[in-house]
Amino acid sequence: MNTLHYGTLYGIGVGPGDPDLIPLKSVKIISRVDVIFAASSTKNTHSQAVTIAAPHIPENSDVRLLPFPMTKDQAEKEACWQTHARTIITELEKGHDVAFLTLGDSLTYATYGYVLKNVLALAPGAPVVTIPGITAYQAAAARVNRPLVEGEESLLVLSGVEGGHRLRQLSEIVDNVVFMKAYRNAGDITDALEEKHMLENSVAVANCCLENEEVIEDIQTLKQRKPGYWTLILAKKNNNHEAI
């Protein structure tokens, strides 16, 4: 009876955009795995994660893009995650080591997280090693030389896709907030920050670590122009405001 010897799945966060910010451990893994997977949209064959990691990917590497639909249909998304997990497992069952590249950190609002859950469910015996990466908000804070948290302060990390409603719900226990994916509802996010006395100490960073990087000091201007997809907002509560 043959015993199945899986290869290893490596989840690799390639950071926010600068190839020099990819962890050294991840670079070593990328240089030796049999297959490199990364996500792309079903509308194109581009992977920002692959573009970022390109200087570290050997010339003859087997790089494969897995298309993910941009949809709110949960059943469609789950079917896609399972399909791609099976594709990865097929390589693992051949004894191949594979890497899945994702933007930022491997487990922070990352496509890899959904694939990982399905790989673990469908092939619980497969070894998985996840390598952390630098998040866009860490890089943005460094770009503007701004501490994310100090002393006993708290930090709330939110998706901005649905606007600022979550901040409105949680603001009383939050000192600092990060809005990822702030491109779609930047206007409502700005309103929420103003309501919760955080607008004065806020800044937006678009395309962090990329050639077209932009620091936006006055985020109210985002109400008049549509921010780019890679836009995030850092904000801090102004504790000196008068009680209302």
Side-chain angles (χ1 to χ4, degrees), residues 13-22 48-49 52 70 72 102-113 132-244:
V14 300
D18 183 346
D20 288 345
L21 292 180
I22 300 177
Q48 186 68 15
I52 293 170
M70 302 294 286
K72 292 185 177 181
T102 193
L103 294 171
D105 173 59
S106 317
L107 298 173
T108 304
Y109 290 128
T111 303
Y112 167 73
I134 295 174
T135 64
Y137 68 83
Q138 289 173 302
R143 171 65 179 82
V144 297
N145 295 312
R146 176 180 181 143
L148 285 167
V149 281
E150 297 177 293
E152 298 300 311
E153 291 179 349
S154 59
L155 174 65
L156 177 65
V157 181
L158 294 172
S159 166
V161 172
E162 301 296 334
H165 73 284
R166 292 287 285 161
L167 176 62
R168 294 183 176 99
Q169 294 172 343
L170 300 169
S171 64
E172 297 307 314
I173 58 173
V174 171
D175 300 299
N176 303 273
V177 63
V178 171
F179 274 102
M180 307 288 287
K181 306 176 183 180
Y183 64 100
R184 186 174 295 170
N185 287 298
D188 186 58
I189 292 171
T190 301
D191 290 340
L193 290 171
E194 185 171 20
E195 293 165 21
K196 300 305 176 181
H197 309 287
M198 302 180 83
L199 184 63
E200 179 182 343
N201 297 319
S202 63
V203 63
V205 181
N207 304 307
C208 188
C209 296
L210 301 175
E211 290 184 0
N212 56 342
E213 177 185 85
E214 180 183 9
V215 176
I216 304 159
E217 299 285 354
D218 182 3
I219 69 167
Q220 292 195 84
T221 61
L222 298 179
K223 289 184 175 183
Q224 283 74 52
R225 63 182 176 109
K226 185 178 180 180
Y229 181 80
W230 307 110
T231 300
L232 61 83
I233 294 172
L234 308 175
K236 183 180 185 67
K237 186 174 290 182
N238 179 6
N239 293 317
N240 296 321
H241 70 272
E242 294 182 2
I244 297 175

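Only a predicted model underlies this, so the values are computations on that prediction, with no experimental measurement involved.
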Listed once per pair and sorted, the salt bridge (Lys or Arg N to Asp or Glu O under 4.0 Å) pairs that draw on residues 138-151, sequence neighbours left out: Arg143-Glu213
4.5 Å side-chain heavy-atom contact, Leu158 and Ile189: no
Side-chain donor or acceptor of Ser154 paired with backbone N/O of Ile173 under 3.5 Å: yes
Closest heavy-atom pair and its distance - Cys209, Asp18: CB-N, 3.7 Å
side-chain contact (heavy atoms from CB on, under 4.5 Å) partner of Phe179, chosen from Leu167, Leu232, Leu156: Leu167
Value rounded to 0.5 Å, distance of CG in Leu148 from CG in Leu155: 6.0 Å
Nearest-0.5 Å distance, CG of residue Asn176 to CE of residue Met198: 6.0 Å
Side chain proximity check, Pro16 to Ile134, heavy atoms < 4.5 angstrom: yes
Main-chain N/O of Val174 paired with Lys237 side-chain donor or acceptor, under 3.5 Å: yes
Sequence neighbours excluded, every pair satisfying salt bridge (Lys or Arg N to Asp or Glu O under 4.0 Å) that has a member inside residues 158-167: Lys72-Glu162
Test item: Asp105 side-chain N/O and Thr135 main-chain N/O as donor-acceptor pair under 3.5 Å: no
Heavy-atom side-chain proximity of Lys196 to Leu170 below 4.5 angstrom: no
Nearest heavy atoms of Asp188 and Arg168, plus distance in Å: OD1-NH2, 3.0 Å
CG on Asp191 to CD on Gln220, rounded to 0.5 Å: 8.5 Å
Test item: Val149 and Asp175 side chains (from C-beta on) under 4.5 Å apart, heavy atoms: no
Heavy-atom closest pair, residues Val144 and Val215: CG1-CG1, 3.9 Å
Ring pair (Phe, Tyr, Trp, His ring centres under 6.0 Å) against Tyr183, all qualifying residues, sequence neighbours excluded: Tyr229
Donor-acceptor contact present, side-chain Thr231 to main-chain Ala206, <3.5 Å: no
From OG1 (Thr190) to CD1 (Ile233), nearest 0.5 Å: 5.0 Å
Heavy-atom pair of closest approach, residues Ile219 and Ser202: CD1-OG, 3.3 Å
Working for side chain to side chain contact (heavy atoms under 4.5 Å, CB included), residues Met180 and Val157: CA-CA 7 Å; Met180 307 288 287; Val157 181; 4.1 Å; yes
Gln48 versus Leu210, closest heavy-atom pair with distance: NE2-CD2, 3.8 Å
Side-chain (Asn185) to main-chain (Val161) donor-acceptor, under 3.5 angstrom: yes
Atom pair CH2/CG of Trp230 and Leu103 - distance to nearest 0.5 Å: 4.5 Å
Nearest non-hydrogen partners of Leu222 and Ala204, listed with the distance: CD1-CB, 4.1 Å
